[in-house]
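Below: the structure, in structure tokens.
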Amino acid sequence: MKKDDCIFCKIANGEIPSSTVYEDDDFRVILDIAPAAKGHALILPKEHFANIFELDGVVAGKLFTLATKVAPAIKEEMGCSGLNVVQNNGASAGQTVDHFHLHLIPRNEGDDVSVKWVPKESDPEENAKLAEKIAGRM
Ligand code: 5GP
Ligand code: ZN
């Protein structure tokens, strides 16, 4: 289902023009209007899901299959040596458009793109307990 006030619903369904890399019944792949690097693409489902917490599993499977086709095409065209797959959920995680989308960001040594966190220490016992607790909620 589409959401009336959602800009990515409008873009994905062709109501607002975009630089489209690919389109099928379920998805549109576009170039980001304010890219982290040249060739930065977004995979948008045509159906509205706000985030990963709402995303349908079958759509997710198709979406990642599509990502395996788009990523090498970007890599080849941009001649980049790496590529980040980024996906933000919630404002605290950096999500600014509440319609699920997958970022594909070309990367090169020494570029100015930043998607890396500061690694913390972890306690193996605490991690084992935490893993069990999370597993219990799936
Ligand atoms: P988020 O921060 O939600 O993970 O990513 C939203 C992305 O959508 C940003 O990288 C932003 O530049 C891009 N974006 C926002 N509005 C538009 C638009 O109208 N057209 C395109 N092509 N990209 C957009
Ligand atoms: Zn939407």
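Numbering of ligands and ligand atoms starts at 1, following listing order. Note that this is a predicted model, so its numbers are computed, not measured.
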Practice task
Identify the two heavy atoms, one from I74 and one from P106, that lie closest to each other, and give their separation to 0.1 Å.
Solution key: CG2-CG, 3.7 Å
Practice task
Considering heavy atoms of the protein only, find what lies nearest to atom 5 (O) of ligand 1 and give residue, atom and distance to 0.1 Å.
Solution key: H101 NE2, 2.9 Å
Handout entry: Residue and atom name of the nearest protein heavy atom (relative to atom 9 (C) of ligand 1), distance in Å to one decimal
Key = D32 OD2, 3.3 Å
Practice task
Out of G94, S19, A91, A41, indicate the one that has the non-hydrogen atom closest to atom 2 (O) of ligand 1.
Solution key: G94
Handout entry: D26 bridged to K46 by N-O distance under 4.0 Å
Key = no
Handout entry: Any H103 heavy atom less than 4.0 Å from ligand 1
Key = yes
Practice task
Go through the steps for H99 and F49 under the test ring-ring contact (aromatic ring centres under 6.0 Å, His included), then give the verdict.
Solution key: CA-CA 6 Å; H99 175 123; F49 305 97; 7.8 Å; no
Exercise for the section: Looking only at N, O or S atoms, find the one in H48 nearest to the Zn ion (ligand 2) and name it. Expected result: ND1
Handout entry: Interfacing atoms of ligand 1 (cut-off 4.0 Å, heavy-atom, F8)
Key = 8 (O), 14 (N), 17 (C), 24 (C)
Practice task
Count the heavy atoms belonging to other residues, nucleotides or ligands that lie under 6.0 Å from NZ of K116, then report whether that count exceeds 12.
Solution key: yes
Exercise for the section: Looking only at non-hydrogen atoms, find the nearest pair between N108 and C80 and report the distance. Expected result: OD1-CA, 3.3 Å
Problem - From the candidates T96, N89, I33, the one that places a heavy atom nearest atom 23 (N) of ligand 1 - result: I33
Practice task
Supply the atom-to-atom distance L42 CG to F8 CZ, rounded to the nearest 0.5 angstrom.
Solution key: 5.0 Å
Handout entry: Sub-4.0 Å heavy-atom contact, I16 with ligand 1
Key = no
Handout entry: Residue-ligand contact S18/ligand 1, heavy atom below 4.0 Å
Key = no
Handout entry: Subset of ligand 1 atoms that lie under 4.0 Å from at least one heavy atom of I7
Key = 19 (O)
Fill in the blank from the handout: Rounding to 0.5 Å, atoms CD (Q87) and CZ (F100) come to a distance of 3.5 Å
Problem - Contacting atoms of ligand 1, where contact means under 4.0 angstrom from a heavy atom of L31 - result: 22 (N)
Practice task
Could you tell me whether I11 and ligand 1 have an N or O pair separated by under 3.5 Å?
Solution key: no
Problem - Pairing of K3 and D5 as salt bridge, 4.0 angstrom limit - result: yes
Problem - Option set N88, V97, L44, criterion heavy-atom distance to atom 15 (C) of ligand 1, minimum - result: V97
Problem - Cationic N near anionic O, under 4.0 Å, K2 to E15 - result: yes
Handout entry: Atom of H99 nearest the Zn ion (ligand 2) (restricted to N/O/S, atom name only)
Key = ND1
Exercise for the section: Run the numbers for me: atoms of ligand 1, each under 4.0 Å from some heavy atom of L42, listed by number. Expected result: 8 (O)
Practice task
Give, for atom CD of E54 and atom CG of D98, the distance between the pair rounded to the nearest 0.5 Å.
Solution key: 9.0 Å
